[in-house]
Participant: 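The following block contains the structure, expressed as structure tokens.
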Amino acid sequence: MDDLYREVIIERYKTPHYRGHLDPHDIFFEDDNPVCGDHIEITVQTDETDVVKAAAFDGHGCSISQASADLLIESIHGKTLDEVKSLTKDDVIELLGIDLGPVRLKCALLSLKVLKAGAYGLGTEEVSDALVE
Amino acid sequence: MDDLYREVIIERYKTPHYRGHLDPHDIFFEDDNPVCGDHIEITVQTDETDVVKAAAFDGHGCSISQASADLLIESIHGKTLDEVKSLTKDDVIELLGIDLGPVRLKCALLSLKVLKAGAYGLGTEEVSDALVE
Amino acid sequence: MKPKTPLNVDLLRADFPILTREIGSANKKLIYLDSTATAQKPTDVIDAMNDFYRLNNANIHRGVHTLAEESTAMYESGREQVAALINASPREVIFTRNTTESINLVAYSWARTNLQAGDLIILTEMEHHSNLVPWQMLEAERGVRLEFVPITNDYLFDMDAYRELLKQEPKLVSFTQMSNVLGTITPAKEIIRLAHEVGAITLVDAAQSVPHLPVDVRDLDADFMAFSAHKMVGPSGIGALYGKLDLLNAMPPFMGGGDMIKTVHLRSFATNEVPYKFEAGTPAIAEAIGFGAAAAYLQNIGMDAIAAHEQEMSEYVLEHLEEIPGITVIGPSAAHKGAVASFVMDGVHPHDVAQILDADGIAVRAGHHCAQPLHEKCGIQSTTRASFYLYNTKEEVDALVEGIYKVKKIFG
Amino acid sequence: MKPKTPLNVDLLRADFPILTREIGSANKKLIYLDSTATAQKPTDVIDAMNDFYRLNNANIHRGVHTLAEESTAMYESGREQVAALINASPREVIFTRNTTESINLVAYSWARTNLQAGDLIILTEMEHHSNLVPWQMLEAERGVRLEFVPITNDYLFDMDAYRELLKQEPKLVSFTQMSNVLGTITPAKEIIRLAHEVGAITLVDAAQSVPHLPVDVRDLDADFMAFSAHKMVGPSGIGALYGKLDLLNAMPPFMGGGDMIKTVHLRSFATNEVPYKFEAGTPAIAEAIGFGAAAAYLQNIGMDAIAAHEQEMSEYVLEHLEEIPGITVIGPSAAHKGAVASFVMDGVHPHDVAQILDADGIAVRAGHHCAQPLHEKCGIQSTTRASFYLYNTKEEVDALVEGIYKVKKIFG
Ligand SMILES: Cc1ncc(COP(=O)(O)O)c(C=O)c1O
Ligand SMILES: Cc1ncc(COP(=O)(O)O)c(C=O)c1O
């Protein structure tokens with residue numbers, strides 16, 4: 001349990017650094033976790049070279065989903081969109097620093113799924129777990 | 001096996017006593033066994049007091065289905081229609097004198113089902129295993 | 001209603017091998033409070049299927065060899081045992097995959113034959129997605145109308161609103177006999193009686209009631225009833241649809257294929273008798289045998305005794321949960337509910353509650369429990385749900401309460 | 001195609017507990033020649049399910065406690081193992097009850113969305129009822145047209161007639177890759193290639209091919225493929241539908257309920273991703289785990305090795321059966337068929353053949369094997385069918401031949 005609830009997760013859950021909604025934005029996407037109704041939306045501003053200038057997330061959910069969103073958003077500042085597109089499951093797991101079963105993993109990966117769907121410019125119907133496998 | 005293939009069954013199968021089609025007839029019915037496509041039809045002539053004067057069966061199938069039809073038809077000569085309607089599974093089992101599992105039992109009971117459906121004057125859609133349970 | 005023999009829970013726990021399971025690196029003893037999602041299985045049920053595969057396995061209905069005769073007899077005796085549990089005739093019991101398929105079967109076969117655009121279907125606000133989505137699909141496809149009986153402020157079936165809705169002359173009333181979130185037990189017999197007065201057909205979602213309460217389809221006069229084996233100590237992969245014989249006889253088949261036919265020609269077919277008409281293809285044979293063993297196991301213990309035990313558990317858990325500051329239990333008072341306690345905790349997401357409890361070996365469920373509209377109605381996203389069955393004890397409730405205090409500390 | 005390791009049948013027979021079963025009062029050793037109806041199960045498969053119920057059982061996809069995480073992972077790894085056997089991606093594998101439901105799923109979801117009155121579906125004369133009745137139902141409901149590729153005089157798929165029919169531009173070609181009566185193996189890859197040339201979608205009934213032959217959906221370029229676990233050493237109650245991802249994504253759901261949704265409101269829902277979109281309600285969890293174990297078991301032995309063994313059995317049995325006076329085997333030469341021998345015997349009904357063989361412990365099937373139109377085409381009511389799988393031996397064929405001589409004596 002101590003492993004699962006690393007302090008950073010509880011801390012980021014309680015006081016996230018990147019919660020919000022950017023307007024204007026270059027990228028916007030939102031999606032739900034069908035298991036629990038958790039919701040994440042992300043907004044991203046990029047510069048003319050497609051580098052992330054600013055990013056934020058909003059939504060509701062468990063500590064894993066919200067903390068991973070916050071950590072993920074933090075990690076993409078200064079990255080190019082191509083780098084964002086190539087983020088994987090493992091990157092998120094590393095950010096969180098804990099082991100997760102398949103159900104909790106979905107909580108952790110919701111923000112990555114939303115982020116990549118936005119980066120790729122997908123439609124709502126096109127978003128799939130394949131983005132984060 | 002000797003039990004199952006009592007001589008009378010093989011004998012009645014090879015040379016049935018009541019195979020045929022009566023015309024005119026007072027009762028006619030036919031049905032199939034969905035398991036194997038076996039088919040039995042029966043024709044019955046009754047007198048004015050509803051007593052079976054003559055009866056016959058036709059069709060094709062295994063020794064159990066054909067022999068039990070032949071023995072059953074034999075047994076109803078001289079019976080009233082009410083007596084025919086009250087025939088049960090056990091009567092057929094007694095006629096055959098052997099033990100049968102649920103699948104073979106269907107072979108044995110096809111003729112009874114057809115006979116009772118005819119006696120009750122049922123429509124094709126109304127015939128059901130409930131008649132022989 | 002006092003049962004003749006109160007449950008000897010300590011004794012019957014020995015029937016469930018999984019209850020000795022230890023969880024996590026700290027080897028915590030499993031405290032399984034998730035039977036509403038799926039129940040654990042007694043040795044009787046597990047062994048019935050195991051033995052079948054080791055000794056009897058064959059395809060059914062079509063073989064005359066010994067194994068086929070044995071398998072056919074075992075499969076049909078599974079059906080008889082399930083029918084006996086709900087006081088139905090075996091002919092009226094169709095094996096499906098689960099409650100969900102049972103309801104879809106009615107939606108596809110009965111409703112698409114009997115309902116027209118504009119016809120009204122009455123549901124309730126507390127339905128599981130399985131008794132909601134099939135009707136939404138029908139609404140989209142055929143233009144039937146859906147109306148929902150609300151829940152009252154104390155989480156009960158709103159009988160007055162129902163009577164009002166009945167004036168619109170629904171063709172179908174489909175409702176849960178026990179909510180899997182609130183635990184609310186609905187007055188099924190009265191609901192059915194009133195529906196019949198206006199000529200409506202009734203479908204009872206009995207996924208939660210058949211496992212936990214004495215249920216008698218004749219006494220209820222239900223037209224259709226759907227339930228799953230896995231929620232009543234039986235195997236996964238099988239459920240049942242009860243239907244009145246006249247209704248079933250008049251319905252067209254749902255799926256086509258082997259076993260559901262009497263004769264087939266290249267360009268036509270004739271259907272087999274009920275229940276086979278609705279069991280296309282090789283059925284879940286081992287599962288039917290396990291389902292029968294489960295029904296026999298429960299009947300042997302006695303549904304009255306099980307219900308009484310759960311009533312006691314329900315009172316105990318509500319009393320103790322409601323004492324914890326920051327915990328709100330969603331649902332009616334213990335007198336009106338099954339042994340299901342869904343709750344929210346200030347400032348902590350149900351996933352986190354469940355995860356921290358899990359570290360102590362306590363298995364509860366977190367989410368919307370496939371009843372998202374009900375959660376919306378209650379103004380919440382999701383809940384943590386602890387649910388209880390014949391094998392649960394008061395000590396396990398105490399452990400749950402202790403675990404919740406731990407959660408509070410971590411997120412405090 | 002020589003397999004790397006020929007089967008060690010004696011060794012692998014020990015994996016199948018039922019093979020030591022004794023039959024009847026004379027305690028005859030079981031000789032199981034009915035695998036085409038359903039296969040026997042190895043300990044690996046039986047134990048996988050047994051262990052699951054004793055150690056891990058929970059409902060999946062929705063729980064965060066340890067058992068739920070374990071069950072979810074095991075269920076999904078079952079899917080991966082099944083996908084691996086046919087070289088599909090797990091996402092393209094939908095769990096159903098059986099081949100029959102898989103075909104009905106395509107008929108309800110894909111065909112009812114994509115086909116109009118007058119559209120042509122091509123089937124063959126040797127289809128199992130499961131690949132016939134769903135399309136007859138669609139014909140009755142929607143007015144699609146059905147045409148049938150005949151079988152040639154030597155019981156093969158009539159390629160010339162097929163090419164002719166293709167000129168009518170069918171929308172769907174649905175055909176068996178191996179007949180469960182004739183044993184005929186159809187040239188699936190060529191059938192699919194030609195169908196695609198005229199823009200038709202293809203559905204392969206692989207109920208008999210996946211258990212007995214190496215099958216690669218990518219190589220075949222199949223659009224849909226249906227098969228059952230129980231015919232390939234797996235459990236009852238589960239089957240699979242393979243579909244190309246684009247097709248599956250574009251299809252509406254079949255059944256509505258839990259798990260197949262992303263979000264549900266009282267008056268609307270959004271569907272979940274493939275494959276979950278098609279798996280409504282609690283799935284056959286233990287069965288998926290058993291199915292995975294079965295796929296792994298077969299893959300481990302090697303489908304090439306299994307096919308080679310069956311080819312050998314097939315040659316042996318045909319040679320010996322055809323020598324018996326009064327026996328006619330219905331089907332092509334051994335080079336074109338699986339290890340299935342359906343035969344008629346002058347003057348003796350198949351039920352009687354099967355029953356007398358059973359007295360010697362020999363399990364064969366008698367009837368129309370859910371292929372009545374094929375029997376009509378061949379001018380016969382029913383056949384006796386002996387079928388062979390990886391665990392069968394030549395000694396068992398010898399016993400069959402001996403048994404048939406006994407039948408002749410009794411009915412002589
Ligand atoms: C060729 C073929 N198709 C379909 C089926 C139907 O399979 P199931 O009964 O498992 O649905 C069978 C099995 O009998 C078969 O042999
Ligand atoms: C009230 C209710 N209805 C329907 C269902 C669906 O049951 P299944 O998933 O077995 O189809 C459930 C189970 O979650 C339930 O609790």
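In what follows, chains carry the letters A, B, and so on, assigned in the order in which the sequence lines appear, proteins first and then strands, with residues in each chain numbered from 1.
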Participant: Which members of residues 19-30 of chain C, sorted by number, sit under 4.5 angstrom from chain D on a heavy-atom basis?
Facilitator: C:Arg21, C:Ile23, C:Leu30
Participant: Does any backbone or side-chain atom of D:His128 lie under 4.5 Å from a heavy atom of chain C? Answer side chain, backbone, both or neither.
Facilitator: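 It is the side chain, since no backbone atom gets that close.
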Participant: Measure D:Ala140 against the heavy atoms of chain C and call it side chain, backbone, both or neither at under 4.5 Å.
Facilitator: neither
Participant: Where on D:Pro235 is there a heavy atom nearer than 4.5 Å to chain C: the side chain, the backbone, both, or neither?
Facilitator: both
Participant: Considering heavy atoms only, which positions within residues 364-375 of chain D lie below 4.5 Å of chain C?
Facilitator: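 Residues in range: D:Val364, D:Arg365, D:Ala366, D:Cys370, D:Gln372, D:Pro373.
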Participant: Report which part of D:Asn57 has an atom under 4.5 Å of a heavy atom belonging to chain C: side chain, backbone, both, or neither.
Facilitator: both
Participant: Heavy-atom cut-off 4.5 Å, strictly under: side chain, backbone, both or neither for D:Thr282 against chain C?
Facilitator: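 Both backbone and side chain.
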Participant: State whether a side-chain donor-acceptor pair under 3.5 Å links D:Thr66 with C:Asp358.
Facilitator: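 Yes - a donor-acceptor pair under 3.5 Å links their side chains.
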Participant: What part of D:Asn131 lies closer than 4.5 angstrom to a heavy atom of chain C: side chain, backbone, both or neither?
Facilitator: neither
Participant: Who are the ring-ring contact (aromatic ring centres under 6.0 Å, His included) partners of C:Phe254, not counting sequence neighbours?
Facilitator: C:Tyr108, D:Tyr108, D:Phe254
Participant: Hey, what do you get for OH (D:Tyr53) to CD1 (C:Ile18), rounding to the nearest 0.5 Å?
Facilitator: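 It comes to 11.0 Å.
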Participant: Does a donor on one side chain and an acceptor on the other come within less than 3.5 Å for D:Ser268 and C:Gln136?
Facilitator: no
Participant: Non-hydrogen atoms of chain C under 4.5 Å away: do they reach the side chain of D:Ile60, the backbone, both or neither?
Facilitator: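 D:Ile60 touches chain C through backbone heavy atoms alone.
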Participant: Any Lys/Arg nitrogen of D:Asp15 or C:Arg54 sitting under 4.0 Å from an Asp/Glu carboxylate oxygen of the other?
Facilitator: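 No, no charged N to carboxylate O under 4.0 Å.
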Participant: Taking side chain as everything from C-beta outward and backbone as N, CA, C, O, which of these in D:His351 sits under 4.5 Å from a heavy atom of chain C? Side chain, backbone, both or neither.
Facilitator: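 For D:His351, the contact with chain C is made by backbone and side chain together.
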Participant: Can you say whether C:Gln40 sits under 4.5 Å from chain D via the side chain, the backbone, both, or neither, judging by heavy atoms?
Facilitator: both
Participant: With sequence neighbours left out, write down each residue that passes ring-ring contact (aromatic ring centres under 6.0 Å, His included) with D:Tyr75, or none if nothing qualifies.
Facilitator: D:His61, D:Phe95
Participant: Can we say C:Arg97 and D:Glu279 salt-bridge, meaning some charged N sits less than 4.0 Å from an Asp/Glu carboxylate O?
Facilitator: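 Looking at C:Arg97 and D:Glu279, the cut-off is not met.
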Participant: Is chain C contacted by the side chain of D:Pro350, its backbone, both, or neither, given a heavy-atom distance below 4.5 Å?
Facilitator: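 Neither part; nothing is under 4.5 Å.
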Participant: Please classify the contact between C:Ala39 and chain D as side chain, backbone, both or neither, with a heavy-atom cut-off of under 4.5 Å.
Facilitator: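 Just the backbone, heavy atoms under 4.5 Å.
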Participant: Given heavy-atom pairs under 4.5 angstrom as the criterion, report whether the side chain, backbone, both or neither of C:Glu127 touches chain D.
Facilitator: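 No part of it gets close to chain D.
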Participant: Measure the spacing between OG1 of D:Thr96 and CD of C:Glu101 and express it to the nearest 0.5 Å.
Facilitator: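 The CD atom of C:Glu101 is 10.0 Å from OG1 of D:Thr96, to the nearest 0.5 Å.
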Participant: In plain terms, say whether C:Glu141 and D:Arg112 are close enough for a salt bridge, that is, a side-chain N and a carboxylate O under 4.0 Å apart.
Facilitator: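 Salt bridge flag = no for D:Arg112 with C:Glu141.
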Participant: Measure distances from D:Ile285 to the heavy atoms of chain C and classify the residue's part below 4.5 Å as side chain, backbone, both or neither.
Facilitator: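 Contact with chain C involves both backbone and side-chain atoms of D:Ile285.
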Participant: For D:Leu132, which atoms come within 4.5 Å of any heavy atom of chain C: side chain, backbone, both, or neither?
Facilitator: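 Just the side chain, heavy atoms under 4.5 Å.
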Participant: Sort D:Asn59 into side chain, backbone, both or neither according to what part of it lies under 4.5 angstrom from a heavy atom of chain C.
Facilitator: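 Both parts, heavy atoms under 4.5 Å.
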